[in-house]
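These notes concern the structure reproduced below.
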There are 2 protein chains.
Amino acid sequence: MTDPQTITTIRAASRLLVRELGFMGGDFAGTDLPPSAVHALIEIEGGEITAKELSQRLHLEKSSVSRMLRKLVGANLIMETPGTDARVKTLSLTDSGADRLAAIHRFASTQVKTAVQGLQPAQTATIAEGLALYAQALAQTDLPSAPIHYHCGYQSGLVARIIGLHMDFYAKHAGFGDVFETALARGLSDFIPRAQNTRNAIWTAQRSDKIIGSITIDGEDLGHDIAHLRWFIVDQNTRGSGVGRALLDKAVAFVDAQGFCETQLWTFKGLDAARTLYEAQGFKLADEQPGTQWGAEVLEQRFVRKHIAA
Amino acid sequence: MTDPQTITTIRAASRLLVRELGFMGGDFAGTDLPPSAVHALIEIEGGEITAKELSQRLHLEKSSVSRMLRKLVGANLIMETPGTDARVKTLSLTDSGADRLAAIHRFASTQVKTAVQGLQPAQTATIAEGLALYAQALAQTDLPSAPIHYHCGYQSGLVARIIGLHMDFYAKHAGFGDVFETALARGLSDFIPRAQNTRNAIWTAQRSDKIIGSITIDGEDLGHDIAHLRWFIVDQNTRGSGVGRALLDKAVAFVDAQGFCETQLWTFKGLDAARTLYEAQGFKLADEQPGTQWGAEVLEQRFVRKHIAA
DNA sequence: CGAATTAAGTTGCATCATGCAACTTAATAC
DNA sequence: GTATTAAGTTGCATGATGCAACTTAATTCG
């Protein structure tokens with residue numbers, strides 16, 4: 001159960017937010033338009049939308065939307081074009097509406113920028129993440145999120161983040177604790193100084209400068225021309241969006257380019273999504289045995305992928 | 001400058017939030033009261049407030065507040081008692097108003113709890129932190145935050161978090177990179193298995209289950225009955241709130257209880273807030289010399305605190 | 001094919017929160 | 001002792017909103 005104090009904080013912050021954003025009556029976003037009209041324009045800007053959809057998205061009654069739209073049409077901010085179904089009208093911005101909306105965007109962006117001006121980038125990232133999480137939780141819907149970038153090589157905070165991502169997942173799903181976390185720290189502190197070597201590589205996936213996934217090829221520790229796939233992890237909030245696949249693709253491409261004779265990885269039973277990815281890339285289960293070395297009993301698995309001749 | 005995508009995310013989340021919280025017209029929080037009245041009741045519950053103050057806090061014109069208050073009085077939800085200045089009336093809840101507000105609180109808390117139900121505790125903490133940061137940034141004011149708890153001993157994700165907190169700070173303020181991060185990981189992976197030993201201890205400060213500070217006494221690595229104060233770090237968002245002092249107090253109390261002959265710590269010049277804390281606890285600068293071992297030149301400092309006889 | 005039903009959007013109507021401006025009453029300044 | 005300022009109220013106009021009834025078009029079903 002969530003800490004009541006946390007709930008209180010969330011509520012207090014929500015109230016303050018709503019007031020500061022100018023929702024307690026009056027005009028809005030530096031225009032003479034009511035809040036609902038501003039929201040409507042932004043939705044219409046997103047493309048192809050009807051009055052009904054607007055009503056759903058804005059949580060307004062269809063009659064209110066109808067009237068609001070007529071005002072916007074009257075002000076020459078939007079146009080209605082009949083669809084194939086003669087009952088529905090598709091909405092779009094006029095040039096003048098686009099100009100007006102651009103001004104609104106400028107105003108609102110400036111408002112946000114001014115607010116976060118004195119904050120650390122990490123704090124701004126926390127704001128974006130926290131707001132997005134909460135809005136999505138309330139709306140039970142997804143918000144378009146910032147694009148994901150991929151990088152190769154060490155980044156500041158990478159060791160911390162890889163360990164953190166592992167613990168977020170494995171503490172809960174496998175019951176691993178200090179032994180596992182310590183092993184991660186030891187393994188990474190051994191690898192990072194070697195990360196630049198020709199046969200090694202480490203990749204990260206990042207969104208808004210936050211690391212949300214990582215994968216490593218250690219080409220040295222197993223010897224015998226065997227590549228070792230290590231520390232493959234994706235943020236729990238980001239799973240299922242193809243980040244894991246993209247990272248694994250990069251690792252496998254590197255292995256093939258380097259011409260390793262095979263690739264090995266250790267995991268354990270129950271991580272089905274990962275296993276699917278491994279098998280799609282030609283990994284096959286080689287060994288399986290129970291183990292407790294990391295503080296909880298799991299069925300350890302070794303996967304092997306043989307070199308695919310070019 | 002903040003990433004435009006981040007600004008966009010913040011704005012999109014804000015819009016969604018406002019809609020989902022029921023601010024686009026209509027009733028509110030499961031009552032027949034308008035949003036402004038609900039906000040007013042919550043403010044009045046906070047104690048001693050006048051119409052003028054309400055007007056400022058809710059960003060409403062005084063006439064609107066005046067009318068709203070008369071309705072609340074009419075509904076027997078609040079009372080007005082004349083102050084010493086006969087022009088002002090102090091507002092307070094009636095019993096019936098307190099009941100109604102309690103119902104509102106129940107409704108709203110349930111709404112929040114339901115929303116965050118499926119999330120990880122860390123995600124809920126991010127929500128609280130992000131919303132509070134943003135609301136405070138917009139309003140230029142402080143919000144009461146969740147209480148801070150202190151724990152002794154390992155916690156899941158502790159190694160990751162200590163490294164992460166260090167990198168957040170030292171990457172920016174000292175230019176440290178992979179060498180420093182790797183050293184942290186190595187040091188911690190050496191210490192954590194020894195954390196339970198009698199002469200060692202590690203403390204964390206947590207808010208909403210998120211680690212926001214830590215400190216360690218390593219009673220073994222320096223030998224000669226010397227305590228080593230290590231990994232003293234506080235989250236940048238939390239600095240200045242006494243968390244650092246509280247952690248250091250615990251460490252020093254442990255050292256004294258264990259009867260170490262002295263305590264040593266390594267830091268470097270420029271960390272003035274920390275130095276103040278050290279000196280307040282009897283640490284004195286012992287050595288100072290330039291060093292580049294962590295990837296950037298700093299003036300390394302060694303502080304020593306002699307045992308204070310009981 | 002034709003009637004019944006459903007869907008998208010509009011209009012009549014009443015409500016009510018809001019801001020501006022003018023006002024009342026009390027405290028303070030000079 | 002008068003002028004000014006402050007807290008709150010009232011007149012008035014505006015306008016956003018929801019409900020209910022309506023129009024028009026598409027779909028379903030016999």
Side-chain angles (χ1 to χ4, degrees), chain A residues 15 18-19 21-41 43-44 48-75 77-92, chain B residues 15 18-19 21-41 43-44 48-75 77-92:
Chain A
R15 285 194 300 273
V18 161
R19 293 177 201 167
L21 291 174
F23 260 86
M24 296 301 273
D27 285 331
F28 194 61
T31 68
D32 53 351
L33 296 168
S36 58
V38 173
H39 281 231
L41 287 178
E43 291 300 326
I44 292 168
E48 294 297 291
I49 193 172
T50 67
K52 182 182 185 189
E53 288 166 329
L54 256 187
S55 159
Q56 290 166 343
R57 293 205 204 169
L58 303 189
H59 295 193
L60 287 173
E61 220 274 339
K62 59 178 180 170
S63 62
S64 305
V65 171
S66 173
R67 253 180 280 266
M68 181 185 70
L69 292 177
R70 280 208 305 132
K71 291 197 180 178
L72 291 176
V73 170
L77 298 174
I78 67 171
M79 305 182 315
E80 298 171 321
T81 46
T84 52
D85 181 337
R87 293 172 305 181
V88 313
K89 302 174 181 176
T90 303
L91 305 168
S92 56
Chain B
R15 286 195 299 273
V18 161
R19 294 177 201 167
L21 290 173
F23 261 85
M24 296 299 273
D27 285 332
F28 194 63
T31 67
D32 52 353
L33 297 167
S36 58
V38 173
H39 280 232
L41 288 177
E43 292 300 325
I44 292 168
E48 295 296 292
I49 193 173
T50 67
K52 181 179 186 189
E53 289 166 328
L54 256 187
S55 161
Q56 290 166 344
R57 293 204 205 170
L58 303 189
H59 295 194
L60 287 172
E61 220 274 340
K62 59 179 180 170
S63 62
S64 305
V65 172
S66 172
R67 255 180 278 267
M68 181 185 71
L69 292 177
R70 281 208 304 132
K71 288 197 182 178
L72 291 177
V73 170
L77 298 174
I78 66 170
M79 305 182 314
E80 298 170 320
T81 47
T84 52
D85 181 337
R87 290 172 307 180
V88 313
K89 302 174 180 175
T90 303
L91 305 168
S92 56

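Just so it is clear, the values below take in all heavy atoms, side chains as well, and ignore hydrogens, waters and symmetry mates. Note on naming: letters A, B, ... go to the chains in the order of the sequence lines (proteins, then strands), and numbering restarts at 1 for each one. Just so we're clear, the structure is a prediction, and the values are computed from it rather than from any experiment.
Rounding to whole angstrom units, CD of residue Glu61(B) and P of dG11(D) are separated by 16 Å. Between the NE2 atom of His39(A) and the P atom of dT17(D) there is a distance of 11 Å, given to the nearest Å. Leu33(A) has its CG atom 18 Å from the P atom of dT14(D), to the nearest Å. Protein atom CG of Leu60(B) is 15 Å distant from nucleotide atom P of dT9(D), rounded to whole Å. Note: CD (Glu53(A)) to C1' (dA7(C)) measures 13 Å, nearest angstrom. Rounded to an integer number of Å, the gap from CG of Leu58(A) to P of dA16(D) is 14 Å. The separation between Leu54(B) atom CG and dT18(C) atom P is 12 Å, rounded to whole Å. As rounded to whole Å, 14 Å separates atom C1' of dG18(D) from atom CE of Met68(A).
Under 4.0 angstrom from either OP1 or OP2 of dT10(C) there lies no side-chain N or O belonging to Ser63(A). Within the structure, a side-chain polar atom (N or O) of Arg70(A) is placed less than 4.0 Å from OP1 or OP2 of dT11(C). Residue Lys71(A) places none of its side-chain N or O atoms closer than 4.0 Å to OP1 or OP2 of dG15(D). Close to dA16(D), at under 4.0 Å from its OP1 or OP2, lies no side-chain N or O of Ser64(A). An OP1 or OP2 oxygen of dT18(C) is reached within less than 4.0 angstrom by a side-chain nitrogen or oxygen of Ser36(B). Look at Lys62(A) and you won't find any side-chain N or O under 4.0 angstrom from OP1 or OP2 of dG18(D). Remark: Ser66(A) is in phosphate contact with dT10(C), judged by side-chain N or O atoms under 4.0 Å from OP1 or OP2.
With dG9(C), dA7(D), dT17(D) as the choices, the nucleotide that has an atom nearest any side-chain atom of Val88(A) turns out to be dG9(C). When distances run from any side-chain atom of Lys52(B) to the nucleotides dG8(D), dG19(C), dG18(D), the shortest one goes to dG8(D). Taking every side-chain heavy atom of Arg67(A) into account, dT17(D) is the closest of dC20(C), dA8(C), dT17(D).
Panel note: side chain Glu43(B), backbone Ala40(B); no donor-acceptor pair is recorded below 3.5 Å.
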Side chain to side chain contact (heavy atoms under 4.5 Å, CB included) assessment of Leu60(B) paired with Leu54(B)
CA-CA 8 Å; Leu60(B) 287 172; Leu54(B) 256 187; over 6 Å; no
Dump the intermediate steps for side chain to side chain contact (heavy atoms under 4.5 Å, CB included) on Leu72(B) and Leu91(B), then the final yes or no.
CA-CA 11 Å; Leu72(B) 291 177; Leu91(B) 305 168; over 6 Å; no
Take Ile78(B) and Leu41(B) through the test side chain to side chain contact (heavy atoms under 4.5 Å, CB included) and record every step on the way to the result.
CA-CA 8 Å; Ile78(B) 66 170; Leu41(B) 288 177; 3.7 Å; yes
Take Val73(A) and Met79(A), measure what side chain to side chain contact (heavy atoms under 4.5 Å, CB included) needs, and give me the verdict at the end.
CA-CA 6 Å; Val73(A) 170; Met79(A) 305 182 315; over 6 Å; no
